[in-house]
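Quick note: residue numbers are just sequence positions, from 1.
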Amino acid sequence: MGYPLLDVTCDPDALRQLDRRQLPQLADELREFIIESVSKTGGHLSSNLGTIELTIALHYVFDTPRDRIVWDVGHQTYAHKVLTGRRDGMAKLRQYGGIAGFPRREESPYDTFGTAHSSTSISAGLGMALASRLTGEDRHVVAVIGDGAMTAGMAFEALNNAGASDANLLVVLNDNDMSISENVGALNNYLARLLSGRVYTAARRASERMLRVVPPAWELAKRAEEHVKGMVTPGTLFEEFGFNYIGPIDGHDLEVLVSTLRNVRKLDGPQFLHVITRKGKGMSAAEDDPILYHGVSKFDPQVGIVAKGGGKATYTQVFGDWLCDMAARDSRLVGITPAMREGSGLVRFSQEFRDRYFDVGIAEQHAVTFAAGLACEGLKPVVAIYSTFLQRGYDQLIHDVCIQKLPVVFALDRGGLVGADGPTHHGAFDLSYLRCLPNMIVMAPADENECRQMLYTAFTLDMPTAVRYPRGAGPGVPQQAEMTALSVGKGELRRQGQRIAILAFGAMLAPALEAAESLDATVANMRFVKPIDQDLIVTIANTHDLIVTVEENAVQGGAGSAVSEVLAARGLAHEVLNLGLPDQFVEHGDPSLLLKLCGLDAEGILRSIQARLHR
C-alpha cells in the first residue's frame with residue numbers, strides 16, 4: 001500500500017509540521033508499515049504495535065532530540081526508529097551491519113540512552129534531568145516505562161530518588177496489561193486533561209499558600225484532595241513518591257495524548273503520566289495472542305504465524321521437559337523465573353505444578369535471594385534465567401547463595417551468542433563470572449542428552465550449581481529417559497589424535513571435532529568448567545605439543561584461563577592457544593555468521609591452529 005503521510009514524515013521536524021488532525025492517518029500508515037516490515041525481517045511486533053500513537057505524540061509535542069526520550073527495554077521503538085530517519089534501515093533490522101532492535105546511542109542522536117534490559121529508564125532519565133539543571137540547559141526529559149518493567153526494584157529506587165530531587169522529569173507508564181471501557185476511559189481522559197492543566201495547577205498552588213497559614217484547614221484540604229483523586233485514579237502510590245500523577249488515559253487516542261502531553265510539558269517537578277495501551281493494536285491476531293507475536297520470525301501478514309512441528313529439540317525444551325520429569329520425582333523441586341516463563345521453557349511446568357511455580361516479575365535480584373530462602377528450608381529451587389539476566393543478581397548470587405553454600409540450581413539459558421538481540425543479550429561472560437565464585441559448580445553441555453544429565457546432576461548436589469546452555473536447537477542427540485548423575489569435575493576424550501589436543505567446552509564440541517579431522521587432533525569434551533578436570537589436562541599436556549581451548553565465552557577469565565591456571569599450578573610450561581569471544585562487544589546478527597566472524601566455527605578453529613603451528 002502507499003504511505004502518503006509517512007513518505008513525507010522523514011524526521012520529527014517534519015512530523016511537527018503536520019496538522020494535528022492528520023496524526024491518526026499517520027498512525028494507521030505507520031502500523032501497516034511496521035507489520036509489513038517485521039513480517040520480512042522478524043523482530044518484536046506486538047509491543048511495537050501498541051506504542052505507535054504514544055511515539056507519534058511524544059515526538060509531536062516534545063522538541064526531540066533536544067528534549068530527551070528514554071525508552072525502557074527498547075523493544076517497542078520501531079515506530080521511533082522510523083520517525084527518526086531510519087525507515088530504510090528497517091529492511092536490515094537486527095541483521096549484521098543493519099540497525100539494532102533496541103535504541104543505541106551510536107546509531108542516532110534520537111536514541112538518547114542505549115537500552116535492552118528492563119527498568120533502567122527512570123534512573124537514566126533522572127540523571128539527564130539533573131544534568132540539565134546543573135549545566136543550565138532548558139530541556140525536557142521523558143522516561144517511557146512498561147508496567148512489566150515497573151515490577152523491578154530499580155524502577156522504584158529511581159522513583160524514590162526522583163521524587164526527593166524535585167527534578168523536571170516526566171515518567172510515562174505504558175500500561176498494556178489491562179483494557180479500559182469507553183465510559184471509564186472518557187471519564188479518566190477528562191480528569192487527566194483537568195489535572196494536567198495550568199488552571200488546576202495554579203488554583204492548587206494558590207490554595208496551598210492560603211491554607212498553609214491555617215494548619216487545620218490546610219490538613220483537611222490536603223486529605224480531601226488525596227481522597228478525591230484516590231477514588232478516581234490509581235495514583236496514590238506515585239503521589240507518595242513525590243510525583244504529580246495524571247491518568248490513566250487512552251494511549252491510542254492521539255487527541256487526548258497530544259492535549260495531555262502539552263499540558264504536562266508546562267508543569268515543573270516530577271510528573272507521572274499513566275497511559276493505557278493494547279499490545280498488538282491494529283492486528284487482530286497479535287491482539288488475541290500478544291505473547292505469540294511478541295518476538296516473531298518472518299511470516300505472511302495475510303496468514304499470520306503458523307506453528308511448525310517437528311525438528312530438533314531446543315535446549316530450552318530439554319530443560320522444560322527435564323524440570324517436569326524431575327518435579328514428578330521429587331516434591332522438593334520449586335521452579336522460579338523472573339518474568340520469562342515462555343522464553344525459559346516453563347509453560348508446561350507452570351500448568352502441571354502450579355503450586356511449585358513462581359514468576360517473581362522482572363526482579364532478578366529478588367529471584368536469587370528468594371531461591372536462597374527456599375533452599376534454607378529444605379526445598380530444591382531451580383532458577384530458570386538467561387545468562388545476561390543473572391548478571392543483574394550477581395551480588396545476591398555471591399552473598400546469599402554461594403557464601404552460604406545453598407543448593408540452588410541455575411538453569412542458565414542463552415549462554416554464548418544469541419543472534420539478533422545483540423551485545424545486550426549475548427551470554428558472553430557467564431563462564432568467567434561464575435567460575436571465580438567459591439562453592440559454585442559450573443557445567444556446559446555439548447548436546448541435548450548431556451544437558452538433561454547435567455541438570456539432574458546439579459539437582460542431586462548439595463551446593464550451588466549452574467548448567468549453562470545455548471539458545472536454539474542442539475545437534476540432535478537423542479535424550480535418555482533415565483537420568484544418571486555425572487562424575488563431578490570429569491571430562492571425556494571424544495577423539496584420540498596426535499600432537500594437538502583441543503579442549504572443547506559446551507556447544508563448541510561439534511566444531512572442534514570437525515576441525516580435528518583435518519589435523520588428526522585429540523578432542524576432549526571437558527563438560528565441567530568448575531571444578532575442571534585437572535588430571536585430564538595434565539595427561540593431555542604430557543602427551544601433546546599444543547593445547548587449544550575453545551569456548552563460546554570471553555577469553556578473559558573464561559574456561560581456557562582455567563586450563564592455563566592448572567598447567568601453571570602443576571609447573572607445566574606448555575604451549576596453549578585460547579580461542580573464544582574477543583575482547584569487544586559482539587554485534588547483532590545471525591548466530592552462525594557471528595561465530596564465523598569470531599573464528600569459532602570449524603574453519604575458524606582450524607585456521608587459528610594452523611596459524612599458531614606456522615609461527
Side-chain angles (χ1 to χ4, degrees), residues 38 41-45 47-48 71-78 81 92-107 111 113-121 146 148-149 152 154 291 294-297 314-316 319 337-345 362-364 367 383-394 410-434 444 466 468-473 506-507 551-554 558 580-582 584-595 597-598 600:
V38 174
T41 63
H44 294 97
L45 184 58
S47 55
N48 280 287
W71 299 91
D72 210 282
V73 182
H75 59 358
Q76 76 282 45
T77 54
Y78 294 178
K81 288 176 181 277
K92 291 195 67 178
L93 176 73
R94 298 171 14 118
Q95 299 170 35
Y96 187 75
I99 63 175
F102 302 100
R104 299 186 67 177
R105 282 169 53 83
E106 61 267 36
E107 190 175 290
D111 291 358
F113 195 77
T115 56
H117 287 190
S118 137
S119 314
T120 61
S121 61
M154 185 176 179
I291 294 176
H294 173 74
V296 301
S297 301
T314 66
Y315 282 99
T316 303
F319 164 72
T337 177
M340 294 301 297
R341 184 182 73 154
E342 287 76 19
S344 293
I362 303 177
E364 293 86 0
V383 180
I385 191 168
Y386 288 7
S387 168
T388 54
F389 295 170
L390 183 57
Q391 293 166 184
R392 310 186 83 179
Y394 194 56
F410 293 92
L412 213 59
D413 204 336
R414 270 61 169 180
L417 300 177
V418 299
D421 284 342
T424 55
H425 285 65
H426 292 321
F429 313 109
D430 47 52
L431 299 185
S432 301
Y433 74 65
L434 288 173
R468 183 257 204 184
Y469 45 90
R471 181 181 189 179
E551 63 190 300
E552 198 174 343
N553 183 83
L581 299 179
Q584 64 188 58
F585 291 105
V586 179
E587 292 300 310
H588 56 271
D590 181 83
S592 59
L593 172 62
L594 298 181
L595 286 170
L597 293 172
C598 292
L600 293 179

> Does Arg104 come within less than 4.0 Å of Glu587, counting only side-chain N to carboxylate O?
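Glu587 and Arg104: salt-bridged.
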> Would you check if Leu581 and His426 make a side-chain contact, meaning some heavy-atom pair closer than 4.5 Å?
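No. Closest side-chain heavy atoms not under 4.5 Å.
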> Mark yes or no for whether Glu107, through its side chain, and Ala100, through its backbone, hold a donor-acceptor pair below 3.5 Å.
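Checking the backbone N and O of Ala100 against the side chain of Glu107, a donor-acceptor pair under 3.5 Å is found.
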> Under 3.5 Å, side chain of His44 to main-chain N/O of Gln76, donor-acceptor pair present?
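Not at all, since once roles are kept as given, no pair shorter than 3.5 Å links the two residues.
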> With heavy-atom distances below 4.5 Å as the criterion, would you say the side chains of Ser121 and Trp71 are in contact?
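A side-chain contact under 4.5 Å is absent here.
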> Looking at Arg471 and Asp413, is any side-chain nitrogen of the basic one under 4.0 Å from a carboxylate oxygen of the acidic one?
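Here Asp413 does not pair with Arg471 in a salt bridge, since their nearest N and O are not under 4.0 Å apart.
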> Are the side chains of Asn553 and Arg468 in contact, using a 4.5 Å heavy-atom criterion?
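A side-chain contact exists here, since the closest heavy-atom pair is under 4.5 Å.
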> How are the rings of His294 and His75 set relative to one another: parallel (under 30°), tilted (30 to 60°) or perpendicular (over 60°)?
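Ring orientation of His294 relative to His75: perpendicular.
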> With heavy-atom distances below 4.5 Å as the criterion, would you say the side chains of Thr115 and Val73 are in contact?
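Contact flag for Thr115/Val73 side chains = no.
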> Going by the angle between their ring planes, with limits at 30° and 60°, are His425 and Phe102 parallel, tilted or perpendicular?
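Ring orientation, 0 to 90° scale: parallel.
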> Using modelled atom types only, decide if a donor and an acceptor are shared between the side chain of His588 and the backbone of Gly419 within a distance under 3.5 Å.
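It does not hold such a pair.
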> Any heavy-atom pair between the side chains of Ile385 and Met340 that's under 4.5 Å?
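No, every pair of side-chain atoms sits at 4.5 Å or beyond.
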> Does Tyr96 reach the side chain of Asp590, with side-chain heavy atoms less than 4.5 Å apart?
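No, too far: nothing below the 4.5 Å cut-off.
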